[in-house]
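Written out below as structure tokens is the structure these notes cover.
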Amino acid sequence: MATKKCNTKCKPQACSQLQRQRGKFKPVLPNILKSGPASVKVKAGKPTKSVADQAKVKKIFPHTYGMPEISFVKGNNSTVSKKPINAAVVLSGGQAPGGHNVIAGLLDGFKKANSKNKLYGFLGGPSGVIEGKFIEITPTLMEKYRNTGGFDLIQSGRTKIETDEQLGQAKENLLKHKISAFVVVGGDDSNTNAGVIAEYLKKEGVDASVIGVPKTIDGDLKNEHIETSFGFDTATKIYSEMVGNICRDVNSARKYWHFVRLMGRSASHITLEVALKTQPNVTLVGEEVLSKKMTLAQVIDYLAKIVVARAKEGKNFGVVLVPEGLIEFIPEMKELISALNDLLADNEAELSKLNSVAEKKAFVISKLPAKLADLMKSLPEGIAAQLMLDRDPHGNVQVSLIETEKLLIEMLRARLAQLKKDGKYSGKFSAITHFFGYEGRCGVPSNFDANYTYALGYNAAVLALNKCSGYLSSVKKLVKNPKDWACGGIPLTMMMNIERRKGKEKPVIRKALVDLKGEPFKQLVKNREVWAATESYLFPGPMQLFGPEDVTDMTTETLRYEQSKKK
Ligand code: FBP
């Protein structure tokens, strides 16, 4: 077959057919942004306050606390086009589909305001800001990255810019290159960091805007102004295809129980969304486990009941979805992890001298209170070792490395063996494990994410050009046609509260966990008994980029249920 001419100006061998076609996709800009930054005016709303711990947050952010919400309205604003500026972007934290389109939206927004505006991309995440490593993102360079997945144009990283020295280096690098607009694309921790930098620059009298963009496949950076974070839509479509395929395999072979752990460091949004799309037999939701204060033994009981009931019908097979953050929601494990967080932070030097896992475990057990030490001792070696792994720079346990599904299977197997002895179970239990996480983070963005990220980037450029600083780019009314999406910004401090990180109290953007009174979770509760007993599986199939709009442009069940009442 003859290779078609590449419209994205890259070498033919460097581009797949799909990439070439996808390069032609033109994201739809919301009408309010369509005529460019010079036709958008800022409308300030009421002053805001943080979601909790107002006095403490205000004290830490005296210059940026309480700023008003911002919405964009049509109007002449040609001042934003007058003087050329230098802007810069950094991608921070885990990858999420659509990152490149955020950069494309930023570039197009800045260039539309003034063709002499320049956009730089800091390399390798926030460490690039500290070290002053960057490239210029020219329109030609951007061309082959439009509508592609991944963050490979400038890469990402999890460094946190927090010490005075790091903040000072970041400031110097912005000043040195006359960067007056700095955009941080990240999740809750990275956007907290954006808030810290905005506050620091204001305190230092630096005339530069810092704008955040809500990114994370986990879907936990949301509130009434941020209806979803970008990447959630695509990642869950990819996982749903894979889980749907497993459901079909299960239903065909009828001999295995598949335990699928899904990404989502803390919140269970991804698992819930995939469950609504595929209707597996069991879906564990971390937030429910916490609210019911379920012990690990009770979680196993719940699983055992379903396995036993299905076995009675001759069904020794099924699909179980496990959110990767489950482990932190089981109260006794939560207590253990929190004690370990402090213990590991306080004894870093001593622990680094110990070489084997056994030595580390013994040391940790000697320091834990008796109840937690017993729990630690009772855990399988692998899980105990995984719980002691280094925390990320923001102080989070790296749950993607903890094989919770294996822990559940091991304990469930023991419970079933006991039930068999007692004559209450006569089935066969063969389990297979999967972890779907990294597979979904760099996928080609769905139409929704391609449009949403482009709008978020363009919108961030408009906020920065209007010298708003310490704001998160907000594009909402997302269940409507993209042309009708509403645009503006919300203060980063508005989403903050105080939490304990690395043994210390820190201001952080509060994660949005699954709302147990929310419609998506209610849908699960309404259906789960039937799904447990039957094979009601749905097979969503691969995400579609071309074809009928009701398939290509559909968004998540979560967004649909959450926003249906607001329509
Ligand atoms: P962000 O919150 O930075 O977007 O990252 C989320 C995530 O993808 C989680 O789902 C996962 O637990 C974690 O990143 C994995 O981190 P890493 O990429 O450092 O292994």
Side-chain angles (χ1 to χ4, degrees), residues 90-100 102 124-127 149-152 154-161 184-194 212-222 226 228-239 242 260-274 286-287 321-329 337 341 386-387 389-405 434-443 445 449 452-453 456 472-473 492 495 499 501 508-514 558:
V90 66
L91 300 176
S92 182
Q95 285 73 254
H100 289 152
V102 173
S127 62
F151 281 7
D152 41 326
I154 52 172
Q155 309 97 46
S156 185
R158 288 200 185 275
T159 304
K160 191 173 175 187
I161 304 177
V184 178
V185 181
D188 49 338
D189 287 330
S190 309
N191 276 300
T192 299
N193 212 195
V213 174
K215 168 236 66 167
T216 175
I217 60 160
D218 294 2
D220 56 4
L221 177 53
K222 64 175 172 182
I226 306 294
T228 188
S229 53
F230 80 77
F232 178 72
D233 183 83
T234 310
T236 52
K237 280 178 175 144
I238 295 173
Y239 302 140
M242 289 153 71
V260 186
R261 175 165 51 106
L262 287 159
M263 252 191 189
R265 186 175 36 220
S266 300
S268 311
H269 298 293
I270 291 181
T271 298
L272 180 56
E273 171 66 22
V274 174
E287 290 81 344
L321 299 190
V322 182
E324 71 170 359
L326 177 75
I327 193 115
E328 280 198 279
F329 281 112
I337 289 171
N341 288 348
Q386 288 158 5
L387 285 176
L389 290 171
D390 287 343
R391 277 31 185 170
D392 78 5
H394 297 270
N396 301 302
V397 186
Q398 300 194 55
V399 281
S400 64
L401 304 179
I402 303 178
E403 295 169 309
T404 314
E405 69 285 15
H434 311 263
F435 170 45
F436 297 154
Y438 299 96
E439 295 84 345
R441 298 200 313 184
C442 282
D449 271 328
Y452 183 40
T453 46
L456 282 170
L472 190 65
S473 178
L492 289 161
M495 298 180 288
E499 287 175 21
R501 294 288 173 92
V508 285
I509 290 178
R510 181 146 81 186
K511 278 188 200 301
L513 300 179
V514 166
T558 306

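As the structure lists them, so they are numbered: ligands from 1, and atoms in each ligand from 1.
Below 3.5 Å of separation, one finds an N or O of Asp218 facing an N or O of ligand 1. No N or O atom of Asp188 sits closer than 3.5 Å to an N or O atom of ligand 1. Where the criterion is an N or O separation shorter than 3.5 Å, residue side chain and backbone included, Ser92 fails it with respect to ligand 1. Checking only distances, Met263 never comes within under 3.5 Å of ligand 1, N or O to N or O.
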Decide side-chain contact (heavy atoms from CB on, under 4.5 Å) for Asp189 and Lys160; before the verdict, give the C-alpha distance in whole Å, the side-chain angles of both, and the deciding distance to 0.1 Å. CA-CA 9 Å; Asp189 287 330; Lys160 191 173 175 187; over 6 Å; no

For side-chain contact (heavy atoms from CB on, under 4.5 Å), just list the numbers for Lys511 and Asp218, CA-CA rounded to whole Å, side-chain angles, deciding distance to a tenth of an Å, and then say yes or no. CA-CA 10 Å; Lys511 278 188 200 301; Asp218 294 2; 5.9 Å; no

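Under a 4.0 Å criterion applied to the non-hydrogen atoms of Gly93, ligand 1 contributes the atoms 3 (O). Listed by number with element, the atoms of ligand 1 under 4.0 Å from a non-hydrogen atom of Glu324 are 9 (C), 10 (O), 11 (C), 12 (O). Within ligand 1, the atoms closer than 4.0 Å to a non-hydrogen atom of Lys215 are 1 (P), 3 (O), 4 (O), numbered from 1 in the order shown. Distances below 4.0 Å separate heavy atoms of Gly94 from the following atoms of ligand 1: 1 (P), 3 (O), 4 (O), 5 (O).
Between His269 and Phe232, the ring planes are perpendicular. Angles over 60° get that label, and only those under 30° would be called parallel. Ring geometry, Phe435 versus Tyr438: the interplanar angle exceeds 60°, so the pair is classed perpendicular (tilted spans 30 to 60°).
Heavy atoms of Gly264 approach ligand 1 to within less than 4.0 angstrom. Judged by the shortest distance from any of its heavy atoms, Gly187 lies outside the 4.0 Å radius around the atoms of ligand 1.
Residues Phe329 and Glu287 meet the side-chain proximity criterion, which asks for heavy atoms closer than 4.5 Å. The shortest side-chain heavy-atom distance between Thr216 and Asp188 does not fall under the 4.5 Å cut-off. The shortest side-chain heavy-atom distance between Arg391 and Val397 falls under the 4.5 Å cut-off.
Under 4.0 Å from ligand 1, the heavy atoms of Arg441 that appear belong solely to its side chain.
If you take CG on Asp220 and CZ on Arg510, they are separated by 13.0 Å, rounding to the nearest 0.5 Å.
A salt bridge between Asp449 and Lys237 is absent, with no side-chain N of the basic residue lying under 4.0 Å from a carboxylate O of the acidic one.
The nearest protein atom to atom 20 (O) of ligand 1, hydrogens excluded, is given as Tyr438 OH, 2.6 Å; this is a heavy-atom distance. Here the protein heavy atom with the shortest distance to atom 5 (O) of ligand 1 is Arg158 NH2, 3.1 Å.
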